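This is a predicted model, so every value here is computed, not measured.
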Amino acid sequence: MTGQSICFLNGEFLPLEEAKVPVLDRGFIFGDGIYEVIPVFNGHAFRLDEHLQRLLNSLKATHIRNPLTQSDWTNLVNDTIKKNGLGHQAIYLQITRGVAHRDHVFPDDAEPTVFIMSNGLSETQTAHAVSAITLQDPRWNSCDIKAISLLPNVLLRQQAREQGAYEAILIRDGFITEGAASNVFVIKNGVIKTPPKGSKILPGVTRDLVLELLSKNALSCEEVEISEAELHAADEIWLTSSTKEIVPVTELDGKPVGTGELGTLWNKSTELYQAFKDTFTGTEAT
Ligand code: PDD
């Protein structure tokens, strides 16, 4: 990314520092909004259709009016990428229910607030083994909505950080849900598992791509409930997200995961992911 960061707010592009939202915006007052984070490589938005589909699902689930058409969203994301110098970026897109006097009940006439900004993204995120801790998952039962109200996730991630760990892996009723900002894969004796989609996890775009790449390469992955005991007995644990890709966890709750080294299946899955990315992002967009 070069130069000044340019964002989009309610119909216009402007420098990020100049963008202002009224204090009565329901995003500010209630956390009443949804968002997406879309990685960009060589100027190309990666898995854009999948991110926009999840955006539509989140809008539908929250009854926030979709203010734009699918092609408008695509153009807007691509224009933001261009205005920020192509290359590698992470596009952050947020829609709130808009500005209205404070009342929990939906306003009749508010216009949704649309905000898009570009953040930095390093070219390759691979090979950084991390540590994680397990924490109880205190969140609601609509974690499939990519809501901006992230206070539980923020507190959990901070707790992990204060205990010297990179991520918190969350446990609900004895079973893994996801990370505070990632999905989780668990590998034992060559069998790869990840928790099923549903109201307890965000349906990660990276998660879906990893599943697709594994199955195309005869490395199937089971979408099943995974107990806390299975997590602790794992040979490998991976975290996935759009900005971090596939991150190997080599220490859990202060103990090594498997041998404590990078796993062979992590190597393989990362190779597949990078190869897929290369075919997609080979040439710089113009
Ligand atoms: N978060 N689960 C949660 C709770 C997340 O916040 C994220 C990503 C994921 C992974 O989803 P995806 O593969 O589509 O990025 C799973 C983003 C990156 C964020 O909030 O910054």
Side-chain angles (χ1 to χ4, degrees), residues 5-40 45 47-81 83-84 89-121 138-158 178 180-181 199 201-205 241-243:
S5 183
I6 300 296
C7 70
F8 175 89
L9 179 64
N10 294 335
E12 60 167 336
F13 285 99
L14 71 171
L16 184 61
E17 314 79 72
E18 291 172 23
K20 302 271 184 295
V21 179
V23 288
L24 284 179
D25 193 285
R26 288 177 64 100
F28 182 61
I29 296 287
F30 290 119
D32 184 2
I34 57 105
Y35 77 108
E36 276 299 321
V37 178
I38 308 160
V40 175
R47 305 300 268 185
L48 181 57
D49 290 347
E50 287 80 358
H51 282 281
L52 291 180
Q53 183 56 54
R54 189 173 60 189
L55 181 85
L56 295 191
N57 296 345
S58 296
L59 287 172
K60 204 163 166 218
T62 51
H63 308 279
I64 295 175
R65 187 169 60 76
N66 182 358
L68 295 172
T69 65
Q70 197 72 352
S71 63
D72 286 341
W73 284 121
T74 302
N75 292 338
L76 214 45
V77 168
N78 285 326
D79 287 350
T80 310
I81 294 169
K83 288 191 186 292
N84 285 283
Q89 308 175 24
I91 291 294
Y92 176 87
L93 196 171
Q94 169 172 323
I95 305 161
T96 76
R97 204 178 304 278
V99 180
H101 285 292
R102 186 180 181 278
D103 183 347
H104 290 67
V105 175
F106 297 170
D108 289 331
D109 51 1
E111 273 300 306
T113 299
V114 176
F115 173 60
I116 308 178
M117 69 175 163
S118 166
N119 288 323
L121 181 73
R139 299 174 304 158
W140 65 341
N141 264 317
S142 297
C143 295
D144 49 333
I145 301 173
K146 203 162 170 60
I148 59 168
S149 36
L150 286 173
L151 189 55
N153 308 60
V154 166
L155 295 177
L156 293 160
R157 194 99 201 271
Q158 181 62 22
E178 60 182 341
S199 59
I201 70 166
L202 184 80
V205 171
S241 83
S242 293
T243 47

Output the distance between atom [atom1] ([X]) and atom [atom2] ([Y]), rounded to the nearest 0.5 Å.
X	Y	atom1	atom2	value
Ile116	Ile95	CD1	CD1	8.0 Å
Ser5	Asn119	OG	CG	7.0 Å
Arg102	Leu24	CZ	CG	10.5 Å
Asn66	Leu59	CG	CG	5.0 Å
Ile91	Ser242	CD1	OG	12.5 Å

Least distance between heavy atoms, [X] atom then [Y] atom:
X	Y	value
Gln89	Ile81	NE2-O, 2.9 Å
Pro112	Pro67	CB-CG, 4.2 Å
Lys20	Glu17	NZ-O, 3.2 Å
Gly98	Thr113	CA-OG1, 3.7 Å
Thr62	Phe106	O-CZ, 3.8 Å
Asn78	Ala45	OD1-CB, 4.4 Å

Give every residue pair that meets the salt bridge (charged side-chain N to carboxylate O under 4.0 Å, His left out) criterion with at least one member in residues 49-69, sequence neighbours excluded.
Glu36-Arg54, Arg47-Glu50, Arg65-Glu111
Do [X] and [Y] come close enough that some side-chain heavy atom pair is under 4.5 Å?
X	Y	value
Cys7	Leu14	yes
Thr80	Ile6	no
Val23	Ile29	no
Val205	Ile38	no
Val114	Trp73	yes
Pro39	His51	yes

Non-neighbouring partners of [X] that pass side chain to side chain donor-acceptor pair (under 3.5 Å), sequence neighbours left out:
X	result
Arg157	Glu167
Asp72	Thr69
Gln158	Glu162
Asp32	Arg26, Arg97

Is there a donor-acceptor contact under 3.5 Å from the side chain of Gln94 to the main chain of Gly33?
no
Using 30° and 60° as the class limits, which term best fits the ring planes of Phe8 and Phe13: parallel, tilted or perpendicular?
perpendicular
Enumerate, atom names and distances included, each donor-acceptor pair closer than 3.5 Å involving a side-chain atom of residues 142-155, sequence neighbours excluded.
residue: Lys146; atom: NZ; partner: Tyr35; partner atom: OH; Å: 3.2
residue: Asn153; atom: ND2; partner: Ala180; partner atom: O; Å: 2.9

Mind running side-chain contact (heavy atoms from CB on, under 4.5 Å) on Glu18 and Leu9 for me, showing each step along the way?
CA-CA 10 Å; Glu18 291 172 23; Leu9 179 64; over 6 Å; no
